[in-house]
Amino acid sequence: MSTTEKLSNDVLASWANEKDGPVALHLKQKLISVEGERSVVFPPTYADIGYNIDQIADGTKVVTIDSVGSQANRIEPIFKRDKDGNSAENNPFASLVPQIDIEYASHKTVSIFEVGHRLGDALIRCVGGTATDDRNDEFDLREAAQHAFRQLLDHNDFTGIAKIAPTSLVFGVWDSRDTQAKVPRILQSNIRAWDVTELHRSAQYNPPLDYSVLDVFGEEEKAKQEGDPKSPLAKRGFVHVPAGKAHGGVIANGPIERDVTVNLVALRRLVGADAEKLRSYILGLALVAATAPLDPFLRQGCLLVPDVNSPAQWMVVERTGERKPVDLNKDIALKFAEVASKNFGVGPSYKVMFDRDRAKEDAKKADKKSKTA
């Protein structure tokens, strides 16, 4: 298949459903800081270890710039409708999936696409029954989610999850605190920087005034607390405070690379009452998510864009290991997803209410388990 050949819906559907079809789609995308190559980039910091830097056999140091989980949490909100509910006009992705909004604390809402553990999140267990947005049926999200997970465990049927929260099948879900149902990711993405040099930085805070001269406190108190970042006056910004050696980012002597993989083997293991339509639907959502433009602002000091001098190329990976370039883009992905979602039938959207009593009930369960452990 040449790089100029457009992928048809029939070809994409065959990838979702043909038993001996290709095993994956893969994109290796080179990224670059907006400041240019060999600029300082700030990775995420983790408790106890700081930057997640690994040294491989040849001595090369590799740092995580964005983990699989973080990438999923950045991508998933592309399916969220806008505040005015004009999903078709302003966000064509929103019409591909059910919209579940959870209202709490005086009409504030959070979308299921912003919930870290998706359908397996604690918040899903803490909502009450309510009416749908587009029908007058009563709906209990907690019970519906549990039923969908049981449907998977007892009957190996993924349909229930796909009707309520299909992105849980795209990005993976684990109901670790209840049924233990677990679904692997169809789509995964991560960003790493290669051959990195770690930097450090220090700082010094200088107050704009000498508050001791103004009799806010005395010279003796100033001398006692100045230079100690834990002192009361330092914490309030009244005295000079030096900041010691801290993380100062990294310089990537090698490339900064984003790897995106669509696991077609895992996709074809999704089964249900109408398995072919189900798999095509989830593939459509995965392709939309995989081809959506990257949000470049990962964190302070980490603003990355695609390297125009190294264009990325989608590859389809065959069972033989052969890699073939394919012309996959966001327009092709959306076209396929729109047809697949219509054929499968997108589940209804709901607005549900946070239930404090259910949350307390669930929290007590956790407390009981900790006491018996």
Side-chain angles (χ1 to χ4, degrees), residues 1-9 11-12 15-16 21-39 41 43-44 60 62-79 92-93 170-171 185-196 250-267 283-299 302-318 320-337:
M1 186 176 294
S2 70
T3 57
T4 57
E5 184 177 349
K6 297 292 183 182
L7 292 172
S8 68
N9 282 2
V11 170
L12 293 173
W15 288 353
V23 300
L25 288 164
H26 177 248
L27 176 76
K28 188 175 287 292
Q29 182 180 39
K30 186 177 179 183
L31 304 177
I32 188 170
S33 169
V34 292
E35 284 90 8
E37 288 189 348
R38 291 179 57 80
S39 298
V41 173
T60 300
V62 186
V63 66
T64 298
I65 298 296
D66 220 34
S67 67
V68 172
S70 292
Q71 280 281 285
N73 290 339
R74 294 182 196 282
I75 298 170
E76 194 168 10
I78 68 169
F79 294 103
F93 303 155
V170 175
F171 298 102
R185 303 176 191 271
I186 302 298
L187 172 67
Q188 71 173 32
S189 173
N190 62 70
I191 303 174
R192 295 186 179 93
W194 293 81
D195 193 13
V196 297
V250 300
I251 291 177
N253 303 296
I256 301 174
E257 293 176 332
R258 181 181 185 226
D259 281 285
V260 185
T261 302
V262 179
N263 187 336
L264 299 176
V265 176
L267 173 71
L283 176 59
L285 299 182
L287 294 180
V288 164
T291 57
L294 172 71
D295 182 351
F297 186 33
L298 303 185
R299 67 193 61 85
C302 193
L303 183 57
L304 304 177
V305 293
D307 186 348
V308 295
N309 295 317
S310 299
Q313 175 67 65
W314 277 100
M315 308 292 289
V316 59
V317 184
E318 302 288 351
T320 59
E322 182 182 3
R323 304 173 69 87
K324 300 177 181 178
V326 292
D327 191 9
L328 177 63
N329 57 52
K330 60 184 179 65
D331 294 327
I332 292 172
L334 179 58
K335 179 182 176 182
F336 176 71

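In this structure, Arg185 has no side-chain hydrogen bond (donor to acceptor under 3.5 Å, both in side chains) partners at least two apart in sequence or on a different chain. Not counting sequence neighbours, the partners of Ala333 by the side-chain contact (heavy atoms from CB on, under 4.5 Å) test are Leu287, Val288, Thr291. The side-chain contact (heavy atoms from CB on, under 4.5 Å) test applied to Pro77 returns no partner, not counting sequence neighbours. In this structure Lys330 satisfies the salt bridge (charged side-chain N to carboxylate O under 4.0 Å, His left out) test with no other residue, sequence neighbours excluded. Qualifying salt bridge (charged side-chain N to carboxylate O under 4.0 Å, His left out) partners for Asp259, counting only residues two or more places apart in sequence or in other chains: Lys28. Under the side-chain hydrogen bond (donor to acceptor under 3.5 Å, both in side chains) criterion, Asp66 pairs with Gln71, Arg74, Arg299, not counting sequence neighbours. Every side-chain contact (heavy atoms from CB on, under 4.5 Å) that Ser67 has, sequence neighbours left out, goes to Tyr46, Thr64, Ser70. Every residue was checked against the side-chain hydrogen bond (donor to acceptor under 3.5 Å, both in side chains) condition with Glu318, not counting sequence neighbours, and none meets it. Partners of Thr60 according to the side-chain hydrogen bond (donor to acceptor under 3.5 Å, both in side chains) rule, which considers only residues two or more places apart in sequence or in another chain, are Asp58. Residues forming a side-chain contact (heavy atoms from CB on, under 4.5 Å) with Leu27 (at least two apart in sequence, or on another chain): Gln29, Val260, Ala312, Trp314.
Note that OG1 of Thr261 is 8.0 Å distant from CG of Leu187, once rounded to the nearest 0.5 Å. Here the CD1 atom belonging to Ile75 is positioned 5.0 Å from the OG atom belonging to Ser189, to the nearest 0.5 angstrom. Separation of atoms CG (Leu285) and CD1 (Ile186) is listed at 11.0 Å; rounding is to 0.5 Å. The structure places CD1 of Ile256 at 9.0 Å from CD1 of Ile191, a figure rounded to the nearest 0.5 Å. Atom CD of Gln313 sits about 9.5 Å away from atom CG of Leu328, to the nearest 0.5 Å.
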- Task: For the pair Val326 and Leu7, evaluate side-chain contact (heavy atoms from CB on, under 4.5 Å) and give the outcome as yes or no after the intermediate values.
- Result: CA-CA 7 Å; Val326 292; Leu7 292 172; 4.2 Å; yes
Open item on the list: For Val62 and Val196: C-alpha separation, side-chain torsions, deciding distance, then whether side-chain contact (heavy atoms from CB on, under 4.5 Å) applies.
Closed with: CA-CA 6 Å; Val62 186; Val196 297; over 6 Å; no
Exercise. When you look at Leu294 and Arg258, which way does the side-chain contact (heavy atoms from CB on, under 4.5 Å) test go after all the steps?
Worked result: CA-CA 10 Å; Leu294 172 71; Arg258 181 181 185 226; 3.9 Å; yes
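A donor-acceptor pair under 3.5 Å is absent between the side-chain atoms of Ser310 and the main chain of Asp307, judged by distance alone. Under the 3.5 Å distance criterion, the side-chain polar atoms of Ser33 are matched with a main-chain donor or acceptor of Glu35. A donor-acceptor contact shorter than 3.5 Å is absent between the side chain of Glu257 and the backbone of Leu31.
Screening Val316, Leu283, Leu267 for a side-chain contact (heavy atoms from CB on, under 4.5 Å) involving Val262 leaves a single residue, Leu283.
Here the side chains of Leu303 and Pro296 are in contact, with some heavy-atom distance below 4.5 Å. Put simply, the side chain of Ile32 reaches to within 4.5 Å of the side chain of Val305, judged on heavy atoms. Contact annotation: the side chain of Ile65 never approaches that of Arg192 to less than 4.5 Å [non-hydrogen atoms, C-beta and beyond]. Looking at Val11 and Phe336, their side chains never come closer than 4.5 Å, going by heavy atoms from C-beta outward.
If you check the side chains of Asn253 and Arg38, you find a donor sitting under 3.5 Å from an acceptor.
The aromatic rings of Phe79 and Phe93 lie tilted to each other, with the angle between the two planes from 30° to 60°.
Residue pairs meeting the salt bridge (Lys or Arg N to Asp or Glu O under 4.0 Å) criterion with at least one partner in residues 284-297, sequence neighbours excluded, do not occur; the list is empty.
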